[in-house]
Engineer: 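Can you keep this structure in mind? I'll have questions shortly.
Just so you know, these numbers come straight off a predicted model, no measurement behind them. Residue numbering restarts at 1 for every chain, and letters A, B, ... go by the order of the sequence lines. Basis for what follows: all heavy atoms, side chains included, without hydrogens, waters or symmetry-related copies.
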Amino acid sequence: MVVKYYEILEELIKDSGAEGAVLVSVDGLAIASVLPSGADEDRVAAMGAAILSLGERVTSELNKGNLDQLYIKGSTGYVIFTGIKDVAVLGVLAPANVKVGLLLMEIQRTIKKLEQELG
Amino acid sequence: MDLKDKILGFLNKAYNDAKLYYIGLFIKGKVYVSKFTGSLSKLEPNFSKMIERSLEINEAIKNFNAEFLFAENKSKNFSIFVYYITNDIAIGILQTGKPNFSLLKVVATDLAKEIKPFESSLHEIYEKELKEIDESTKDDKYEVHKKELKTKKEPEKQQTVQESFADIQELEKALTMDVKSENLTQDIKVPDLFEVLKEDIQEKEKQQEGIKTETIPSLEDILAENETFEEPVKQESEMFDVEKVFLEMNTIFVKYIGPFGKFLFNKKKDEFFKTNSINKFSVLKFSHTLAEEIPEQKKREAFLEEIKESLLNI
C-alpha cells in the first residue's frame, strides 16, 4: 500500500512538472514523500499539517466551512497544501515557472486517487 | 505620532479601500497592530500561530524566500492572504466575500512598500515589547517546572534516574538488536495456532450438538434462543479480550512497518471486519492480511511468528 502512495506521487510529479510531493497524516508525520534534496521532509510535513489545520480553525471561527487549498509562493517556486478528507494532507513543491493551472488540475486528480486509497 | 499609530494609519487605509475583514502586521508571528470587524476571541491567536508556523518554510526548503501565502475556503466566500515583507515581518489579511487574489496582492504590495522603511524599528520593537511577553511566559513555565522538581524527595529522584537509565539501556538494546535475525535463528517450536483453534471450535460444536439431541426444545425455548442468538459469539470474543489482541497486534505491526503502521492497521481492520465477525479464526486471518503489507519476505515471516506467539500468550 505504501508503494502505491509513492507511485501516485511520482505520477503527479511526472505529469504536472512539480519538483516533489509529500503525503502527510493529519498529525504531521510523512506517510510517503518524493522530495528534492533541498527540502527537509519532516519539517515540510509538520509545517504543512500545522498551517492547514490552523487555517481551518480560522475559517471555522468565522463559520466559513473548510479550507480548500493553501499555497505559498517563494522566489524559487510554490508549495501547495491540499487537505484529503480529514485524514491527510498533500503537499506539492513546484518551480516558479510551473504551469499553475495544469498543476492544480493534476493535484485534484491525485487527490481523488488518494481519497480512494485512504478510504 | 509614534510608529504604532503610523502603521495603524496605513492598515486603516488598506482596510477601508479593500473592504477587508481583518488586517494586521506580524513580527515573527506576533501581532503588533491590527484592524478588524467583529469580535476576535480565538481568531487572532490562531491566525498569528498560522503565520508563525508558515515562516518555517524558509528553513524547511533551502532558498525558498516566501513571498506570499494564499488560501480560500471551499464555498469560495472567504480568503486568507499573508504577504511576507521580510523573512520575519508579514502582513496578514482575512477577507470575506468572493476571493480576489489580485486585489489582495496589490493592496499588500503597496502596504509593504510603506512599512519596509521601518524594518529595523519593528525589529527593535519586537526585542523590547513582543519578545518580552513571549519570554516571560516561557520563564513562568520554567519556574513552575523548577518548583515541581524541588518538591520531589531525593530518594524518589534517584529512583527516577535509575528507572530512566534502565529504560534508556533497554531502548538502546532494542534499537541495536537485529530483530529479524534473532527471531529467525530462534529454534522455538510454536504449536500451529490454526490447529489449536480448530480443535477448540470442533469440541465446542460437538458439545452443542450433544445438547441438541438430548432434549427436544419447546417453542418458548426456541424463541428465547433466537433472542439470545448473538450471545455465543459475544462470549467467545469476550473470552480472548479483543481489545488486548488488537492492541498487541497493532504494536507488533508498527514495529515492522514504522509509524505509518498505526494508520494502516486501523484501515485494514475496518475493511476486514466489515465482512468478517470477530473470532479467533478471523483475527488470525487478519494477521495474514496485515503481513501482506510488509514488503520483505523474512520480515513478513518474523511478523507472523511474533503474532502467533503473542496470541497464544493472551
Side-chain angles (χ1 to χ4, degrees), chain A residues 1-3 5 19-20 23 25-27 29-32 35-81 83 87-88 91 93 96 117-119, chain B residues 21-22 38-80 82-84 92 94 96 99 105 257-264 266-268 270-271 292-295:
Chain A
M1 180 172 269
V2 182
V3 179
Y5 295 139
E19 283 175 331
L23 181 65
S25 66
V26 278
D27 49 7
L29 293 168
I31 297 170
L35 289 175
S37 57
D40 181 336
E41 182 194 274
D42 292 339
R43 290 194 82 162
V44 173
M47 191 207 68
I51 57 172
L52 205 63
S53 146
L54 288 161
E56 293 268 357
R57 277 194 228 170
V58 170
T59 316
S60 62
E61 188 85 9
L62 294 166
N63 296 319
K64 296 290 180 188
N66 294 321
L67 273 190
D68 191 25
Q69 212 163 41
L70 182 150
Y71 68 91
I72 308 176
K73 164 86 171 67
S75 60
T76 53
Y78 296 88
V79 181
I80 302 172
F81 293 107
V87 290
L93 273 70
E117 288 298 322
L118 291 161
Chain B
Y21 181 85
Y22 175 99
S39 64
L40 292 170
S41 56
K42 286 177 188 168
L43 189 84
E44 196 169 56
N46 282 331
F47 191 34
S48 74
K49 264 186 218 164
M50 183 187 166
I51 293 175
E52 192 179 356
R53 294 305 304 269
S54 73
L55 294 171
E56 285 177 26
I57 192 95
N58 295 321
E59 291 160 33
I61 303 168
K62 265 184 197 171
N63 308 318
F64 188 74
N65 303 322
E67 288 170 6
F68 62 80
L69 174 155
F70 181 74
E72 57 187 24
N73 68 344
K74 280 179 183 158
S75 328
K76 311 272 180 206
N77 61 1
F78 175 72
S79 51
I80 299 173
V82 180
Y83 190 90
Y84 303 96
L94 301 176
T96 50
K105 200 180 168 192
I257 209 153
F260 175 60
K262 198 178 167 187
F263 167 78
L264 197 58
N266 290 331
K267 189 176 180 285
K268 286 279 161 191
D270 291 344
E271 278 173 11
E292 283 167 22
E293 299 298 326
I294 301 169

Engineer: To the closest 0.5 Å, what do you measure between OG1 (A:Thr59) and NZ (A:Lys64)?
Structural biologist: 10.5 Å
Engineer: I need the residue from B:Asn77, B:Asp270, B:Leu69 with the largest number of non-hydrogen atom pairs under 4.5 Å to chain A.
Structural biologist: B:Leu69
Engineer: Please flag which part of A:Leu93 lies under 4.5 Å from any non-hydrogen atom of chain B: side chain, backbone, both or neither.
Structural biologist: side chain
Engineer: Could you look at A:Ser75 and say if it's the side chain, the backbone, both or neither that has a heavy atom under 4.5 Å from chain B?
Structural biologist: both
Engineer: Determine the option with the most heavy-atom pairs under 4.5 angstrom with chain A, choosing from B:Ser54, B:Ser75, B:Ser79.
Structural biologist: B:Ser54
Engineer: Counting heavy-atom pairs under 4.5 Å with chain A, which one of B:Asn46, B:Thr96, B:Asn58 comes out on top?
Structural biologist: B:Asn46
Engineer: Does A:Leu70 form a side-chain contact (heavy atoms from CB on, under 4.5 Å) with B:Met50? I'd like the steps, not just the answer.
Structural biologist: CA-CA 12 Å; A:Leu70 182 150; B:Met50 183 187 166; 3.6 Å; yes
Engineer: Is there side-chain contact between A:Val58 and B:Phe78, with heavy atoms separated by less than 4.5 Å?
Structural biologist: yes
Engineer: Let's test your reading of the structure: which of B:Ile57, B:Ile51, B:Asn63 forms the most heavy-atom pairs below 4.5 Å with chain A?
Structural biologist: B:Ile57
Engineer: Output the option from B:Lys49, B:Glu67, B:Lys76, B:Glu292 having the highest count of non-hydrogen pairs under 4.5 Å with chain A.
Structural biologist: B:Glu67
Engineer: In chain order, what residues pass the ring-ring contact (aromatic ring centres under 6.0 Å, His included) check against A:Phe81, with sequence neighbours excluded?
Structural biologist: none
Engineer: Look at A:Asp40, A:Leu62, A:Leu29, A:Val44 and state which one has the largest set of heavy-atom pairs under 4.5 Å with chain B.
Structural biologist: A:Leu62
Engineer: By ring-ring contact (aromatic ring centres under 6.0 Å, His included), which residues pair with B:Phe68, not counting sequence neighbours?
Structural biologist: B:Phe81, B:Phe101
Engineer: What distance separates A:Met47 CE from B:Glu59 CD, expressed to the nearest 0.5 Å?
Structural biologist: 10.5 Å
